[in-house]
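Read through the structure below, which is laid out as structure tokens, and then see the notes.
Computed over heavy atoms, backbone and side chain alike; hydrogens, waters and symmetry mates excluded. In this chain, residues are counted from 1 in sequence order.
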Amino acid sequence: MDYLPVFADLTGRPVLVVGGGDIAARKIHLLRRSGAVIHVVTRQLCNELQELHQRQDIHWLATAFTEQQLDRVFLVIAATDDPGLNQRIYDAAEQRQKLVNVVDDQARCTFIFPSIIDRSPLVVAISSGGKAPVLARFWREKLEALLPSSLGNIARIAGQWRDRVKQQLPGVKQRRYYWERLFSGRFSALVAAGRITEAEQLAEQELHHRESPKGEIYLVGAGPGDPGLLTLRGLQVLQLADVVLYDHLVSEQVLDLCRRDADRICVGKRAGAHLVIQEETNQLLVSHALQGKRVVRLKGGDPFIFGRGGEELQVAAAAGIPFQVVPGITAASGATAYAGIPLTHREHSQSVLFITGHCRPGNELDWPSLARARQTLAIYMGAVNAATISSQLIAHGRDGTTPVAIISRGTRADQQIIKGTLAELESLAQQAPSPALLVIGEVVLLQDQLAWFQTSSSQLHEDPLLNPSV
């Protein structure tokens, strides 16, 4: 270990910064957040530091560096473009055994600034020991996506409750189990939702009762396929899951983001091949949650758009199980964007309709409304009924030459797009792999001009800087 990671309390402590440019300003910004008293030595202050000086938020100590300036400071930073001056500062700090950082000069640093994830009072620091700072920042960005912004509030509440927990639970093991149960359960979700009073009530309940905890159900939209389109909240919830019930439309890359030890149960349904009936899925959700588990119901696209998400949550509500919803990017939005087809356009379409190609008997589509010109139809699960869709739209007035596109496996590396006219829809659908989205409307004409994913998808799926799942 080249550097010992230490968190220093700089509150009220003097720190000397030699330099007054933009680099010095960045270091001072970080030091001020830690409560340090900043003394600056420089011939001239940049605009940002000038404003801080005018507000008396920093002290402009002198225009020239002297060794005596180090006598009463906690640590020193050299941020000048003068190598000779930086060497003098380093030597003087070493003689006085002061911690010193010469910016961008690792050999003259007795301390370094790590990449920081700030969820105060919880702070995570990442360092490459000065060897690869870009790599450290890269992984900081990945961890930023995994650590919810509510962690700071969780840590603050835990600090307020710490003494009470010690009094109630004298054993170290008891306390550890209590905090683990609290942090991994519904308490964290309540804090994230801003329901602090309820979170504290739950903490009190957990402290005095030993009843079996009740689980929770998370209804999560996985997006159309590309794991990069999974929402930040969706990723965080997948990392919490004890059980994941998923559909066939969820890509393997998204499933790989689940917690490694979570149980994964496929409850997928395909047209003409229902592997798990809806009632069994509902029962699995309820039974696992009643065992005190965090259950994620992972659905392709958005769970509230033709995903039966509302039906499943009605079952959870009837069983008294708490639940949350994490929306996802629906296929009509994601797949068309990756195909280069805007759903609306001032010259071609003033509205867009999301419709399903599968309806219960008696719930027929309003064909006259759907056949109106200058609107885009995005039809989910419509390939099987493409013949009916085509004939009904034409019969009710939509021109048979209306452009159509069938987007198969949208947003994925093997995405395919088949284009033609409304009159050809049936034959086109027979060529299209599933899952497929039908797009009907003049906006399809823009695809040749706006297509981008076909030419960049290879790089996108191979470059780890662009695709975090690689």
Side-chain angles (χ1 to χ4, degrees), residues 224-226 247-252 268-275 299-301 305-308 330-343 348-349 352-361 363-373 375-448 450-451 453-454 457:
D226 184 343
D247 289 345
H248 283 298
L249 293 178
V250 178
S251 68
E252 287 294 329
K269 292 177 279 292
R270 287 182 173 139
H274 292 264
L275 301 183
K299 290 176 172 286
I305 298 181
F306 307 125
R308 294 189 179 181
T330 188
S333 176
T336 56
Y338 273 50
I341 301 175
L343 289 171
H348 300 292
S349 176
V352 57
L353 298 179
F354 293 1
I355 53 181
T356 175
H358 285 279
C359 295
R360 285 184 173 180
N363 292 342
E364 294 301 322
L365 294 172
D366 184 1
W367 294 111
S369 295
L370 298 181
R372 293 172 183 164
Q375 67 179 359
T376 305
L377 302 182
I379 305 178
Y380 296 69
M381 301 168 286
V384 173
N385 294 324
T388 300
I389 293 169
S390 174
S391 62
Q392 288 288 348
L393 288 175
I394 293 174
H396 288 84
R398 197 76 190 247
D399 196 312
T401 63
T402 301
V404 300
I406 303 178
I407 308 171
S408 296
R409 302 180 65 79
T411 78
R412 307 187 191 201
D414 56 351
Q415 171 180 288
Q416 294 184 33
I417 303 169
I418 302 174
K419 294 186 295 183
T421 66
L422 182 58
E424 301 168 330
L425 186 59
E426 179 181 7
S427 61
L428 296 175
Q430 293 172 356
Q431 308 169 40
S434 62
L437 177 81
L438 312 185
V439 184
I440 301 173
E442 285 71 17
V443 290
V444 172
L445 295 173
L446 300 169
Q447 197 268 339
D448 288 336
L450 302 181
F453 183 61
Q454 290 82 354
S457 61

Quiz item: Hey, what do you get for CG (L425) to OG (S427), rounding to the nearest 0.5 Å?
Solution: 8.0 Å
Practice problem: Identify the heavy atoms of A429 and A383 that sit nearest to each other, and give their distance. | Solution: CB-O, 3.7 Å
Practice problem: Taking all heavy atoms of V444 and all of P403, pick out the closest pair and write down the distance. | Solution: CB-CB, 3.8 Å
Exercise. Measure the spacing between CD of Q447 and CD1 of I407 and express it to the nearest 0.5 Å.
Key: 8.0 Å
Exercise. With rounding to the nearest 0.5 Å, note down the distance linking OG1 in T330 to CG in L437.
Key: 8.5 Å
Quiz item: Do you know the tightest heavy-atom contact between L422 and D399?
Solution: CD2-O, 3.7 Å
Quiz prompt | Test log, rule side-chain contact (heavy atoms from CB on, under 4.5 Å), inputs L393 and L377 | solution = CA-CA 11 Å; L393 288 175; L377 302 182; 3.8 Å; yes
Quiz item: CG of L343 to OG1 of T376: how many Å apart, nearest 0.5 Å?
Solution: 6.0 Å
Quiz prompt | Shortest non-hydrogen separation from Q375 to R398 and the atoms involved | solution = O-NH2, 3.1 Å
Exercise. Enter the distance from I379:CD1 to L370:CG here, rounded to the nearest 0.5 Å.
Key: 7.5 Å
Self-check item: Worked verdict on K419 versus D448 for side-chain contact (heavy atoms from CB on, under 4.5 Å)
Solution: CA-CA 10 Å; K419 294 186 295 183; D448 288 336; 2.6 Å; yes
Quiz prompt | Parallel, tilted or perpendicular: rings of F453 and Y338 (30°, 60°) | solution = tilted
